[in-house]
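Computation of the quantities below employed the complete heavy-atom set of this structure, encompassing side-chain atoms and omitting hydrogens, waters and symmetry-equivalent molecules.
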Amino acid sequence: MSECADNTRADARATKARTTAVLAGAALLAPLGLLAAAGNAAAADAGVWDRIARCESGGNWHINTGNGYYGGLQFSASTWRAFGGTAYAPTADRATRAQQIAVATKVQRSQGWGAWPTCSTRAGASGGAPAAENGSAGSGSSKSGSSKGGSSTKGSSTKGSSTKGSSTKGAATNGSSKAAGAAERSTGHGSRGTAPRGGDADHTVRAGDTLSTIAALHGTTWQRVYAANRTAVGPNPDLIMPGLRLNF
């Protein structure tokens with residue numbers, strides 16, 4: 001009888017020891033899980049915009065090749081307006097690098113990295129957009145094409161040598177040498193938020209989109225969007241498929 005009791009107590013002690021070991025192991029692994037989760041939610045590194053710009057425009061933040069896209073991150077004019085870029089300059093190529101990044105951050109938070117479908121992948125972009133760099137984007141345009149706010153290229157001279165045409169000529173030369181590559185890359189641009197002016201607005205349908213929500217985003221009516229894309233959408237305006245590109 002006493003031998004059975006001793007065996008029962010021994011089994012109980014062994015079970016308790018195993019339970020304690022399992023709980024201790026779980027406590028050690030829990031912080032590692034939290035670290036992994038935090039890593040997945042981390043924002044992209046600060047250099048991601050420069051890598052995307054090198055892919056989109058050869059790293060020329062003031063390029064304008066006439067292909068309908070402007071600046072280092074290749075904004076369309078309607079995108080630039082829709083996300084507040086005209087507070088800095090009429091088009092992206094006339095804004096500073098910091099100002100273009102400020103607008104791009106708004107686009108990314110609204111549409112994700114898919115707004116630059118090819119170049120964001122090549123740049124290794126993931127997570128959220130990085131925090132704004134030290135020093136605000138400021139306001140006003142960069143008419144000289146310099147992100148450091150140099151003197152205007154119009155009506156000014158230094159030691160008898162006019163600067164009109166000097167910096168702009170250099171920018172034009174730089175832009176022309178990369179025009180072919182930028183024009184080729186322009187075919188990979190995604191939908192980056194647009195305004196329905198001049199018939200140059202476009203939007204790529206995403207899951208959950210409706211013609212009404214798309215129209216509201218671009219400041220127009222769903223009837224106008226549907227009328228311009230009736231052939232692509234089909235007879236039912238309430239049924240639009242993700243990936244469909246709308247132009248209006």
Side-chain angles (χ1 to χ4, degrees), residues 49 52-53 55-58 60-95 99-123 125 129 179-248:
W49 292 122
I52 292 176
C55 173
E56 290 280 355
S57 63
N60 185 346
W61 290 90
H62 305 287
I63 194 170
N64 175 10
T65 64
N67 65 351
Y69 294 91
Y70 305 86
L73 300 172
Q74 293 289 274
F75 292 97
S76 68
S78 52
T79 298
W80 186 250
R81 288 194 301 268
F83 287 86
T86 52
Y88 303 128
T91 53
D93 60 305
R94 300 180 65 184
Q99 290 165 351
Q100 292 179 50
I101 289 175
V103 176
T105 299
K106 296 179 183 179
V107 175
Q108 194 279 333
R109 289 172 180 170
S110 173
Q111 301 184 10
W113 293 112
W116 298 268
T118 300
C119 290
S120 63
T121 300
R122 293 179 181 176
E184 180 180 354
R185 283 187 291 270
S186 69
T187 59
H189 296 312
S191 167
R192 299 177 196 163
T194 53
R197 299 174 194 257
D200 63 349
D202 61 82
H203 182 94
T204 300
V205 176
R206 298 188 175 197
D209 277 353
T210 66
L211 291 184
S212 296
T213 59
I214 294 170
L217 175 63
H218 300 295
T220 186
T221 64
W222 73 266
Q223 291 91 341
R224 177 178 176 180
V225 178
Y226 180 53
N229 297 274
R230 184 184 299 271
T231 301
V233 173
N236 187 358
D238 294 324
L239 180 62
I240 54 176
M241 304 302 294
L244 177 65
R245 182 155 185 163
L246 304 176
N247 295 282
F248 46 92

Check the pair T210, W222 against side chain to side chain contact (heavy atoms under 4.5 Å, CB included), reporting the backbone distance first and the verdict last.
-> CA-CA 9 Å; T210 66; W222 73 266; over 6 Å; no
Between [X] and [Y], what is the shortest heavy-atom contact and its length?
{"X": "A104", "Y": "L73", "result": "CB-CD1, 3.4 Å"}
{"X": "A89", "Y": "A95", "result": "CB-N, 3.8 Å"}
{"X": "L211", "Y": "P237", "result": "CD1-O, 3.3 Å"}
{"X": "S57", "Y": "G71", "result": "CB-O, 3.8 Å"}

Residues in side chain to side chain contact (heavy atoms under 4.5 Å, CB included) contact with [X], at least two apart in sequence or another chain:
{"X": "A228", "answer": "F248"}
{"X": "N236", "answer": "D238, L239"}
{"X": "T86", "answer": "W80, R81"}
{"X": "T91", "answer": "Y70, D93, R94"}

Mind running side chain to side chain contact (heavy atoms under 4.5 Å, CB included) on L246 and V233 for me, showing each step along the way?
-> CA-CA 9 Å; L246 304 176; V233 173; 4.0 Å; yes
Is the F75 ring parallel, tilted or perpendicular to the W116 ring (thresholds 30°, 60°)?
-> perpendicular
Partner set under side-chain hydrogen bond (donor to acceptor under 3.5 Å, both in side chains) for T221, not counting sequence neighbours = none
Residues which pass side-chain hydrogen bond (donor to acceptor under 3.5 Å, both in side chains) with D209, listed by chain and number, not counting sequence neighbours | H203
Looking at side-chain heavy atoms only, is the closest gap between I240 and I214 below 4.5 Å?
-> yes
Chi angles and distances behind the side-chain hydrogen bond (donor to acceptor under 3.5 Å, both in side chains) call for S78, S76 = CA-CA 5 Å; S78 52; S76 68; 3.2 Å; yes
Let me know which of N229, T204, D202 forms a side chain to side chain donor-acceptor pair (under 3.5 Å) with R245.
-> D202
With side chain to side chain contact (heavy atoms under 4.5 Å, CB included) as the test, would you mind laying out the steps for T79 and Y69 before giving the verdict?
-> CA-CA 10 Å; T79 298; Y69 294 91; over 6 Å; no
Under 3.5 Å donor-acceptor, [X] side chain and [Y] backbone:
{"X": "Q108", "Y": "A129", "result": "yes"}
{"X": "Q100", "Y": "W61", "result": "yes"}
{"X": "R206", "Y": "Q111", "result": "yes"}

Can you tell me how far NZ of K106 sits from CD1 of I101, rounded to the nearest 0.5 angstrom?
-> 14.0 Å
